[in-house]
Amino acid sequence: MPIPRPAPQAARVIAHVDMDCFYVQVEQRKKPELRGLPTAVVQYNAWKGGGLIAVGYEARKFGVKRSMRGDEAKEVCPDIQLIQVPVARGKADLKSYRDAGSEVVSILSAKGRCERASIDEVYLDLTDAAESMLSETPPEMLESIEKEALKSHVLGLTDDGKENEENVRRWLCQDDADHEDKLLACGAIIVSQLRIQVLEETQFTCSAGIAHNKMLAKLASAMHKPAQQTVVPTSCVKDLLASLPVKKMKQLGGKLGSSLQSDLGVQTVGDLLQFSVEKLQERYGTNTGSWLWNIARGISGEEVESRLLPKSHGCGKTFPGPQALKSIASVEHWLNQLCEELSERIQYDLDQNKRIAHTLTLHAGAFMYNEKESQRKFPSKSCQLRYGIAKMQEDAKKLFDSGLRDFVCPHNNRWGITSLSVSASKILDIPSGTCSISSFFQGKDCHSLSSSGSIGFNHDQSLPSPSGNKICTTPMYDMLQLRPSCEKICDGHDTSKQNKTLDGRGTSLKKRKGKEPGSILRYFQGCDFSAKQVFDGSSQMNSESYVDLDATKHQRRHLLCGDNDNDRIHEEQTMPTRTAWHLNVEDIDPSVIDELPLEIQREVRGWLHPPKRVQAAKHCSQITQYFLPAKKS
DNA sequence: CATTATGAGCCG
DNA sequence: TCGGCTCAT
């Protein structure tokens with residue numbers, strides 16, 4: 001369960017945006033002739049027509065449900081269009097859906113803090129935007145409230161269909177309302193605008209909930225689908241929860257929810273109100289008990305985390321029934337496929353977002369023939385992640401062998417593997433910016449490099465750094481022993497998590513400005529040659545290396561202006577430039593790092609190893625703060 | 001051993 | 001920190 005948090009002191013405006021049958025929409029955008037037809041996305045159609053993973057609304061009318069088999073869907077809806085998920089390397093390939101999700105995030109993240117909750121859901125904290133609207137152009141002053149906003153569903157408002165828009169208009173504009181309700185009204189208008197923008201720029205529809213916390217926003221987004229939005233004023237929360245079945249609440253759909261029903265006789269969330277916090281804590285522990293007590297009252301202080309990118313990448317495949325893998329060779333084959341995909345994905349993350357994954361984990365599902373004690377699970381194993389397909393494959397095999405040794409018993413070692421997956425986690429930004437490399441190159445300590453200074457770049461200009469000092473030339477290229485093959489990037493930097501690439505296609509990204517140069521690239525650009533020239537001359541770069549000259553110009557302007565603040569938080573979302581300086585992490589010779597100046601060593605090692613981070617205190621100080629009454633106006 | 005593939009997060 | 005487990009879609 002989430003750690004219970006006290007409700008924030010001031011009212012927030014939180015939105016949950018949920019794409020409607022997202023995979024279906026992505027496929028329908030690819031093939032517009034599918035629009036309007038009953039459609040579902042299916043994977044692996046060999047066995048009983050495959051499994052449905054997304055169902056369009058036209059098909060739902062026929063009773064088609066997610067996770068039906070394709071054959072069943074055909075029975076209830078003979079005309080259904082079953083679209084297969086893209087397949088690569090013998091497995092489902094979800095890249096097109098991830099990319100489409102990124103398009104949406106890049107639009108939704110413009111108006112406030114944005115948390116990518118899943119491939120097709122985001123949370124937004126629109127408090128500031130709503131407060132601003134309220135103080136500058138409050139709804140009652142708006143000439144015409146957008147049509148889409150008028151289509152909002154406002155819980156507690158009599159929704160009589162015909163005159164609903166007029167009711168909503170009155171609610172959105174009511175002058176004597178609570179400050180909190182007015183904020184929600186502004187939130188609803190903002191969200192309606194965002195949803196329209198998403199539709200215009202991506203062709204995707206979505207639904208949304210607008211409330212004072214994440215829990216209620218999530219509940220509301222599901223209430224009116226597809227392509228609608230729902231507002232949850234504080235005044236309706238009690239009634240809403242009183243009739244809400246516990247299993248419908250996020251986090252209560254599993255064993256905990258079942259326990260509430262069977263052990264406490266709780267049927268609705270409102271039923272929880274009868275139990276003291278002590279009682280709930282006694283049975284479910286301090287944290288979960290407090291959390292339950294809070295949600296019964298509609299209280300949830302969970303923050304919208306600022307995160308546009310996933311924290312891990314994983315890929316896996318199941319081998320059900322007779323397909324279970326029974327030989328080391330077949331296991332290795334599939335590990336190779338999975339590692340290929342994972343390598344591609346973390347390399348893409350590195351290129352686009354300047355993030356390095358540090359941990360590789362292998363998971364497997366397994367069984368043993370004729371062994372009673374074979375209840376054991378195949379243990380998951382992890383190790384330091386090394387970039388490069390072959391290295392990852394090698395490491396994954398070692399992890400599997402290690403797990404298998406733990407799994408099998410000495411004698412009876414007939415096993416079967418029913419699932420395999422590899423994942424990359426502990427993904428950290430490449431540290432740069434403030435730090436050593438840029439300050440080093442900007443003239444502090446030139447001499448420590450001069451000993452090896454003759455190698456590498458052969459240019460005789462050294463331009464003034466912003467501070468007016470001479471920038472040293474450096475054989476960084478040689479020192480890092482760049483080689484082609486799988487490249488690591490170290491150009492633009494970004495310490496702000498907001499400044500990440502969302503997709504590589506540039507869709508709807510063109511208005512965003514280029515970001516500032518990363519430390520190393522900035523150095524190169526400070527000199528009067530471009531990274532492109534360097535690489536073109538080196539003959540060491542593969543075809544993926546390229547430089548966006550416009551971005552370079554843009555960056556140089558910053559440089560010439562003496563804009564040296566790499567840690568500045570941009571008000572506007574910025575996208576990384578395409579300027580790329582590719583090199584292979586694995587091809588950095590550790591012995592060479594030792595020869596670098598100490599402060600550079602620290603930075604380069606930072607790329608390779610997670611920096612120690614101070615553990616943030618995250619304990620709730622006082623239980624008592626959970627018992628604050630729900631904030632009312 | 002037929003709800004897959006992928007995520008996030010808590011706990012010991 | 002790692003590995004196990006839960007929950008979600």
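Within every chain, numbering begins at 1; the chains are lettered A, B, ... in the order of the sequence lines, protein sequences first and strands thereafter.
Remark: the A:Gln203 side chain and the A:Arg35 side chain contain an N/O donor-acceptor pair separated by less than 3.5 Å. Donor-acceptor pairing under 3.5 Å is lacking for the side chains of A:Asp20 and A:Gln25. Under 3.5 Å, the side chains of A:Gln229 and A:His153 contain no donor-acceptor pair of N or O atoms. A:Ser96 and A:Tyr23 form no side-chain donor-acceptor contact under 3.5 Å, judged by distance and modelled atom types alone.
No contact: A:Ile119 has no heavy atom under 4.0 Å from any strand. Note on A:Gly321: a base of the nucleic acid sits closer than 4.0 angstrom, heavy atoms only. Counting non-hydrogen atoms under 4.0 angstrom, A:Ile53 reaches a base of the nucleic acid. Using a 4.0 Å heavy-atom distance criterion, A:Leu252 is classed as a sugar-phosphate-only contact. Residue A:Lys255 is classed as a sugar-phosphate contact, given heavy-atom separations below 4.0 Å to backbone atoms only.
For A:Arg69, no side-chain nitrogen or oxygen approaches OP1 or OP2 of B:dT4 to under 4.0 Å. Taking side-chain N and O atoms only, A:Ser312 has a distance below 4.0 Å to OP1 or OP2 of B:dA8. Between A:Arg307 and B:dA8 there is a side-chain N or O to OP1 or OP2 distance below 4.0 Å. OP1 and OP2 of B:dT3 both lie 4.0 Å or more from every side-chain N or O belonging to A:Tyr44. Between A:Lys218 and the phosphate of C:dT9, there is a side-chain N or O to OP1/OP2 separation shorter than 4.0 Å. Here A:Lys426 reaches the OP1 or OP2 of C:dC2: one of its side-chain N or O atoms lies under 4.0 Å away. Within the 4.0 Å cut-off from OP1 or OP2 of B:dC1, not a single side-chain nitrogen or oxygen of A:Thr318 is found. Residue A:Lys311 places at least one side-chain N or O closer than 4.0 Å to OP1 or OP2 of B:dG9. For the pair A:Arg98 and B:dA5, the criterion of a side-chain N or O lying under 4.0 Å from OP1 or OP2 is not met. Side-chain nitrogen and oxygen atoms of A:Ser382 include at least one within less than 4.0 Å of the OP1 or OP2 phosphate oxygen of C:dG3.
Checked against B:dA5, B:dT4, C:dT9, the side chain of A:Ala92 finds its nearest nucleotide in B:dA5. Side chain of A:Gln43, nearest nucleotide from C:dG3, B:dT4, C:dT9: B:dT4. The side chain of A:Pro320 approaches B:dA2 more closely than any other nucleotide in the set C:dC7, B:dC1, B:dA2. Listed nucleotides C:dG3, B:dC1, B:dT4 differ in distance to A:Lys381; the shortest reach to its side chain belongs to C:dG3. Comparing C:dC2, B:dA8, C:dG4 by their nearest atom to the side chain of A:Pro379 picks out C:dG4. Nearest to the side chain of A:Tyr369, among C:dC5, B:dC1, B:dA5, sits B:dC1. The A:Pro310 side chain lies nearest to B:dA8 when the options are B:dT3, B:dT6, B:dA8. Nearest to the side-chain atoms of A:Gln251 among the listed nucleotides C:dA8, C:dG3, B:dA2 stands C:dA8.
Other residues, nucleotides and ligands place no more than 12 heavy atoms under 6.0 Å from the NZ atom of A:Lys65.
Atom NZ of A:Lys91 and atom C1' of B:dT4 are 10 Å apart (whole Å). Here the P atom of nucleotide B:dA8 and the CG atom of A:Asp120 are 14 Å apart, to the nearest Å. The interatomic distance linking A:Glu341 (CD) with B:dT4 (C1') rounds to 13 Å, in whole Å. In this structure, A:Lys250 atom NZ and B:dG9 atom P are separated by 9 Å, rounded to whole Å. Residue A:His363 contributes atom NE2, which lies 9 Å from atom P of C:dG3 at whole-angstrom precision. What separates CZ of A:Arg60 from C1' of C:dT9 is a distance of 11 Å, to the nearest Å. Per the geometry, CG belonging to A:Leu362 stands 11 Å off P belonging to C:dG4, to the nearest Å.
Spacing of C1' atoms, B:dT4 relative to C:dC2, comes out at 26 Å, to the nearest Å. Spacing of C1' atoms, B:dA5 relative to C:dT1, comes out at 26 Å, to the nearest Å. Spacing of P atoms, C:dT9 relative to B:dA2, comes out at 23 Å, to the nearest Å.
Note: A:Phe400 and A:Trp415 have perpendicular aromatic rings, judged against thresholds of 30 and 60 degrees for the angle between ring planes. Taking the six-membered ring for Trp and thresholds of 30 and 60 degrees, A:Phe407 and A:Phe378 have ring planes inclined between 30 and 60 degrees apart.
Heavy-atom distances to DNA chain B give each of A:Thr418 and A:Asp93 a nearest nucleotide, and the one nearer the 5′ end belongs to A:Thr418.
In this structure, A:Lys326 fails the cation-pi test against A:Phe319, since its NZ or CZ atom is not both closer than 6.0 Å to the six-membered ring centre and inside 45 degrees of the ring normal.
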